[in-house]
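Letters A, B, ... are given to chains in the order of the sequence lines, protein chains preceding strands, and every chain is numbered from 1.
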Number of protein chains: 2
Amino acid sequence: MSRSSSTKKITRIQREKMQIILDAALDIFSKHGFRGSTIDMIAEKASLSKPNILYYFDSKDEIHEMLLSNLLETWLEPLKKISPKGEPITEICCYVERKLEMARDYPKESRLFANEILQGAPRILHALNGPLKKLTDEKTSIINTWISDGKINSVDPYHLIFSIWAITQHYADFDVQILAVIEKKNAQNRFDDANKFLKELFTRLLEPTIKLKEPLW
Amino acid sequence: MSRSSSTKKITRIQREKMQIILDAALDIFSKHGFRGSTIDMIAEKASLSKPNILYYFDSKDEIHEMLLSNLLETWLEPLKKISPKGEPITEICCYVERKLEMARDYPKESRLFANEILQGAPRILHALNGPLKKLTDEKTSIINTWISDGKINSVDPYHLIFSIWAITQHYADFDVQILAVIEKKNAQNRFDDANKFLKELFTRLLEPTIKLKEPLW
DNA sequence: GTCTATACATTGATAGAC
DNA sequence: GTCTATCAATGTATAGAC
């Protein structure tokens, strides 16, 4: 019976080894998907032998499972922070900024998630139908209140959130395409430039405007 | 020597069989990525035997290669149509609409592309650095002209295009997540709703506004 | 705990009967 | 053209020495 099946306490050393394996596995799974990854690839990345990997985890599946469950918690975190008490446009723009920071700082996690969704979310569909839907419904409800109160323009709150998810994920998942297209000298600042652009994009969408029948000039 | 290596003319029947194989392969590759897909899966999907697949194509790699090269042409098509002579905001919104239609009508192609990019674009990096970069530079140039002429607001044209790519791809690639979040009764209209939302999003971003030091009221 | 050796299943591709 | 049989390589997982 391997370490991972035991419920006895795990030493610091063991935890560190498991973390090394998980780091390597994240690297591989995020790039090749579950089926496209092999324990050999993970072992080489972690500088360990294949049986040694399987000493700490019962199976390839178990490693993947653990990565996904770790991910889901952190992935919902930014959305949770949207508060009905804050200034609406600030709340939305801060959410965009937090998501963009996650794309910048945790691109592998982003790609792991993207791979899972692309495959039809076989392992996390329950989490999408449960916690994610529940949380999203709460936040669209807040946005709808802001709209009713005339604090922001009337927009479809679901598609607003989808567009935020889409764009921020894109900067992690499609990074290679972005780097291929923009000039090298601008590559360093791509996340700052993106943040500036997105702040303007969503501010202009949401800030209440007076509809004029005739232009001013 | 198999059929696919021959340069002799290919009969209608043969072309049809190859198309059946390509359709099945698109289904599999788009979901599992290249390494995650097997010829057996493709064979079952196509209702053919494995050796029969390999009669028409020399290898698994060749099938994948053909799908990707078919894809690249059609994938750049909508961007090409942006014209410097049109009305700027109309041109951008039509581009968004065309891309959204492709996400709706060719979701598998979208996912095939997403899988390739997620893996670091090993097979199409040259196309990203070449044709895609060239075309994108042309179009950002047009957008910059519109900005100089005061026809639209000043925005970063690259990030404008990235955001369009991101959102429209999202409706294909992350469809399972979208369906998990929105109500069933709204699922049918999700592409129409998205189009309406995006039209407003980009119109508000781009339409020239008078910057007032003081509000009007 | 870590390694070598190996069992067993899957997979890409070929040979050869029909 | 299509099938059955099969091979070589790869991949998951285990056994057992150290």
Side-chain angles (χ1 to χ4, degrees), chain A residues 1-25 27-29 31-67 115 119 122-123, chain B residues 1-29 31-68 115 119 122-123:
Chain A
M1 184 78 55
S2 81
R3 188 82 250 130
S4 56
S5 312
S6 167
T7 50
K8 301 284 180 188
K9 65 181 174 186
I10 295 166
T11 69
R12 185 180 56 81
I13 300 281
Q14 284 163 349
R15 208 189 320 278
E16 280 173 11
K17 267 280 168 62
M18 290 175 84
Q19 195 52 53
I20 288 171
I21 294 169
L22 286 173
D23 287 344
D27 213 282
I28 302 299
F29 282 134
K31 202 164 187 175
H32 303 284
F34 180 74
R35 283 189 50 93
S37 303
T38 70
I39 302 180
D40 271 319
M41 292 177 182
I42 298 169
E44 194 188 8
K45 195 84 189 176
S47 300
L48 293 168
S49 69
K50 183 159 54 169
N52 204 354
I53 302 272
L54 291 165
Y55 170 76
Y56 288 99
F57 293 92
D58 281 341
S59 66
K60 174 185 170 183
D61 224 285
E62 193 181 276
I63 304 173
H64 191 251
E65 205 83 35
M66 186 158 293
L67 285 173
N115 260 305
Q119 286 156 37
R123 296 167 184 83
Chain B
M1 185 78 52
S2 82
R3 189 80 250 132
S4 55
S5 311
S6 168
T7 50
K8 301 285 179 188
K9 64 181 175 185
I10 295 168
T11 69
R12 186 181 56 82
I13 300 281
Q14 284 163 350
R15 210 190 318 278
E16 281 174 9
K17 268 281 168 62
M18 290 175 84
Q19 195 53 54
I20 288 170
I21 294 169
L22 288 172
D23 287 345
L26 176 60
D27 213 281
I28 302 299
F29 282 134
K31 202 162 188 176
H32 300 102
F34 180 74
R35 282 189 50 92
S37 303
T38 71
I39 303 180
D40 271 319
M41 291 177 184
I42 298 170
E44 194 189 7
K45 195 86 191 174
S47 300
L48 293 169
S49 68
K50 182 160 58 168
N52 203 353
I53 301 273
L54 290 165
Y55 170 77
Y56 288 99
F57 293 92
D58 281 341
S59 65
K60 174 184 170 182
D61 225 285
E62 193 181 276
I63 304 173
H64 191 252
E65 207 83 35
M66 184 157 295
L67 285 174
L68 273 185
N115 260 305
Q119 286 157 36
R123 296 168 185 84

Task: Distance in Å, Glu65(B) CD paired with Leu67(B) CG, rounded so as to fall on 0.5 Å steps - done: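 Going from the CD atom of Glu65(B) to the CG atom of Leu67(B) covers 10.0 Å.
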Open item on the list: Could you measure the distance from the OH atom of Tyr56(B) to the CD1 atom of Ile20(B)? Nearest 0.5 Å is fine.
Closed with: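 Reported value, rounded in 0.5 Å steps: 9.0 Å.
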Task: Closest listed nucleotide, where the reference is the side chain of Tyr56(A) and the choices are dT14(C), dC3(D), dG1(C) - done: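 Of dT14(C), dC3(D), dG1(C), dG1(C) is nearest to the side chain of Tyr56(A).
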Using atom [atom1] of [X] as one end and atom [atom2] of [N] as the other, report the distance to the nearest whole Å.
X: Lys17(A); N: dT2(C); atom1: NZ; atom2: C1'; result: 8 Å
X: Ile39(B); N: dT6(D); atom1: CD1; atom2: C1'; result: 15 Å
X: Ile13(B); N: dG1(D); atom1: CD1; atom2: P; result: 9 Å
X: Lys60(A); N: dT14(D); atom1: NZ; atom2: P; result: 15 Å
X: Glu44(B); N: dC3(D); atom1: CD; atom2: C1'; result: 17 Å
X: Leu54(A); N: dG11(D); atom1: CG; atom2: P; result: 14 Å
X: Ile20(B); N: dT2(D); atom1: CD1; atom2: C1'; result: 14 Å
X: Asn52(A); N: dC18(D); atom1: CG; atom2: P; result: 18 Å

Task: Heavy-atom side-chain proximity of Lys31(A) to Arg35(B) below 4.5 angstrom - done: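 Sidechains of Arg35(B) and Lys31(A): no contact.
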Task: Under 4.0 Å protein heavy-atom contact, by nucleotide of nucleotides 4-10 of chain C - B base, S sugar-phosphate only - done: BB-----
Task: Pair Phe34(A)-Asn115(A), side chain to side chain contact (heavy atoms under 4.5 Å, CB included): steps then yes or no - done: CA-CA 8 Å; Phe34(A) 180 74; Asn115(A) 260 305; over 6 Å; no
- [ ] Determine whether more than 12 heavy atoms belonging to other residues, nucleotides or ligands lie under 6.0 Å from atom CD of Glu44(A).
- [x]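 Atom CD in Glu44(A) is not packed in, count stays at 12 or less.
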TODO: Assess whether atom NZ of Lys60(B) is packed by more than 12 heavy atoms of other residues, nucleotides or ligands within 6.0 Å.
DONE: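 Correct, the count exceeds 12.
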Open item on the list: OP1 or OP2 of dT2(D) versus the side-chain N and O atoms of Tyr55(B): is any pair under 4.0 Å?
Closed with: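 For dT2(D), neither OP1 nor OP2 has a side-chain N or O of Tyr55(B) closer than 4.0 Å.
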